[in-house]
Amino acid sequence: MLLNQNTLLLGKKVVLVPYTSEHVPRYHEWMKSEELQQLTASEPLSLEQEYTMQRSWREDADKCTFIILDAEKWQAQPGVTEESCMAGDVNLFLTDPGDPAVGEIEVMIAEPSCRGRGFGTEAVLMMMSYGVTKLGLTKFEAKIGQGNEPSIHLFQKLHFEQVAVSSVFQEVTLRLAVSEPMRQWLLEQTSHVAEKPYRAGSAEPH
C-alpha cells in the first residue's frame with residue numbers, strides 16, 4: 001500500500017523498509033528455494049513477474065508489506081546496500097471486506113543466517129503495532145502451513161490462539177483479538193521502535 005512507502009521502522013534487531021524494486025532481485029533468488037515455496041505456499045515466478053508483483057503490493061490498498069533488514073548489518077557501515085542486509089519480509093493483508101479491522105499477518109525469514117535470532121518475533125510485533133496504530137486493526141489472523149512449526153510457535157508465543165486446522169490446505173489458522181490490555185502490551189513491546197522517513201530520493205516511479 002502507498003501509506004507506508006515513505007516509512008522506515010527502526011527496531012533493535014530489525015529495520016522494516018517498504019518493498020521497492022531495489023529489493024526484487026534478492027527476493028526473487030530467495031523464492032527459487034523449494035523449502036520457502038513450500039513454507040509460504042508460493043509458486044515460483046519469473047523475475048519480470050516478481051517486479052509486477054512488487055508494484056501491485058506497493059499500490060494495492062489491501063496489502064501492507066515491509067522488507068526486513070538485519071539492523072546490525074544495516075547500521076554497521078554507511079553506504080551499505082539494503083539488498084545486502086535483507087533478511088525476509090512481513091506482510092499484512094486487509095482481505096475481509098466485511099470487517100476492515102481484521103488483518104492477516106505473515107512473516108518470512110528467508111535468509112538462513114538470520115533464522116533463530118528473534119528477527120521474526122520483532123518484525124511481527126512491529127507490524128502488529130503499525131497495524132493497530134496506523135491502520136486501525138483490532139484483530140489479527142495468521143494462516144501457517146501445518147509443517148511450519150517455528151512459525152506456529154512464534155505466533156503462539158505472541159498470544160495467538162489456534163482456531164482452525166484445514167486438512168485440505170494443510171494449514172493452521174491462529175487468531176488474536178487486540179483487547180485494551182493486549183494493545184498496551186503490544187505498545188510496550190514496541191516502545192523502542194523509531195519511525196523515520198524512508199530515505200530521500202527513494203520514491204518509486206509511478
Side-chain angles (χ1 to χ4, degrees), residues 1-11 13-71 73-74 79-95 103-115 117 119-120 122-124 126-128 130-131 134-135 140-145 147-148 150-151 154-155 169-171 197-206:
M1 60 173 55
L2 294 174
L3 178 68
N4 74 321
Q5 69 172 343
N6 294 314
T7 302
L8 177 150
L9 299 174
L10 177 60
K13 297 181 178 185
V14 301
V15 181
L16 302 187
V17 297
Y19 183 26
T20 72
S21 54
E22 172 191 341
H23 305 124
V24 172
R26 181 75 172 273
Y27 193 90
H28 180 62
E29 285 303 312
W30 282 342
M31 297 315 294
K32 288 179 181 176
S33 155
E34 285 187 17
E35 179 202 13
L36 286 179
Q37 288 171 22
Q38 199 171 1
L39 288 174
T40 59
S42 304
E43 295 292 326
L45 300 176
S46 69
L47 184 59
E48 190 177 339
Q49 287 171 318
E50 209 75 76
Y51 275 110
T52 303
M53 184 74 81
Q54 179 268 326
R55 282 193 295 274
S56 89
W57 281 58
R58 183 175 66 91
E59 291 161 11
D60 288 0
D62 62 356
K63 300 184 183 79
C64 182
T65 301
F66 284 102
I67 290 292
I68 303 169
L69 306 181
D70 178 336
K73 200 182 279 189
W74 182 74
V80 67
T81 66
E82 286 179 9
E83 193 181 2
S84 67
C85 304
M86 285 170 64
D89 70 340
V90 61
N91 310 300
L92 268 177
F93 303 103
L94 312 179
T95 50
E104 183 182 330
I105 190 164
E106 63 177 32
V107 64
M108 173 181 76
I109 301 300
E111 200 57 43
S113 65
C114 295
R115 293 177 190 161
R117 294 168 59 189
F119 285 21
E122 187 178 42
V124 168
M126 288 164 68
M127 184 58 125
M128 286 170 60
Y130 186 83
K134 304 292 185 187
L135 305 175
F140 292 97
E141 192 169 272
K143 293 180 180 175
I144 304 164
N148 191 348
S151 198
L154 184 159
F155 282 99
F169 295 107
Q170 298 280 295
E171 70 180 15
Y198 191 47
R199 62 179 191 272
S202 67
E204 293 274 292
H206 289 286

Handout entry: Heavy-atom side-chain proximity of V107 to M127 below 4.5 angstrom
Key = no
Handout entry: Non-hydrogen side-chain atoms of V14 and W74 separated by less than 4.5 Å
Key = no
Exercise for the section: Could you pull out the closest heavy-atom pair between T95 and E104, with the gap in Å? Expected result: OG1-OE1, 4.2 Å
Exercise for the section: Dump the intermediate steps for salt bridge (charged side-chain N to carboxylate O under 4.0 Å, His left out) on R26 and E29, then the final yes or no. Expected result: CA-CA 5 Å; R26 181 75 172 273; E29 285 303 312; over 6 Å; no
Handout entry: Rounded distance [0.5 Å steps], CE in M128 versus CD1 in I105
Key = 6.0 Å
Handout entry: E50 CD to K32 NZ distance, which is reported to the nearest 0.5 Å
Key = 10.5 Å
Fill in the blank from the handout: Here the gap from W30 atom CH2 to E111 atom CD, rounded to the nearest 0.5 Å, amounts to 6.0 Å
Handout entry: F169 atom CZ, neighbour heavy-atom count above 12 within 6.0 Å
Key = no
Practice task
Identify the two heavy atoms, one from V80 and one from C85, that lie closest to each other, and give their separation to 0.1 Å.
Solution key: CG2-SG, 3.9 Å
Problem - Side-chain (E122) to main-chain (K13) donor-acceptor, under 3.5 angstrom - result: yes
Exercise for the section: Verify, without hydrogens or angle tests, whether K143 (side chain) and E171 (backbone) share a donor-acceptor contact under 3.5 angstrom. Expected result: no
Practice task
First locate atom CD of E106, then atom CZ of F155, and finally report the distance between them rounded to the nearest 0.5 Å.
Solution key: 8.5 Å
Practice task
Drop me the distance from R58's CZ to M1's CE, to the nearest 0.5 angstrom.
Solution key: 13.5 Å
Problem - Heavy-atom check, side chain of Y51 versus side chain of P25, under 4.5 Å - result: yes
Fill in the blank from the handout: N148 and I144 have their tightest heavy-atom pair at CB-CG2, 3.7 Å
Practice task
Could you verify whether a donor N or O on one side chain and an acceptor N or O on the other, from Y27 and D89, lie under 3.5 Å apart?
Solution key: yes
Practice task
Would you confirm whether R115, through its side chain, and I109, through its main-chain N or O, come within 3.5 Å as a donor-acceptor pair?
Solution key: yes
Show the atom names and distances, to 0.1 Å, of all donor-acceptor pairs under 3.5 Å that link a side chain in residues 63-71 to residues at least two apart or in another chain.
unit_1 : atom_1 : unit_2 : atom_2 : d
K63    : NZ     : D60    : OD2    : 2.7
T65    : OG1    : N91    : OD1    : 3.2
D70    : OD1    : E72    : N      : 3.1
D70    : OD1    : K73    : N      : 3.2

Problem - Side chains of L16 and N4 in contact at under 4.5 Å (non-hydrogen atoms) - result: no
Completion exercise
Rounded to the nearest 0.5 Å, the OH atom of Y19 sits from the CD atom of E82 at a distance of 13.0 Å
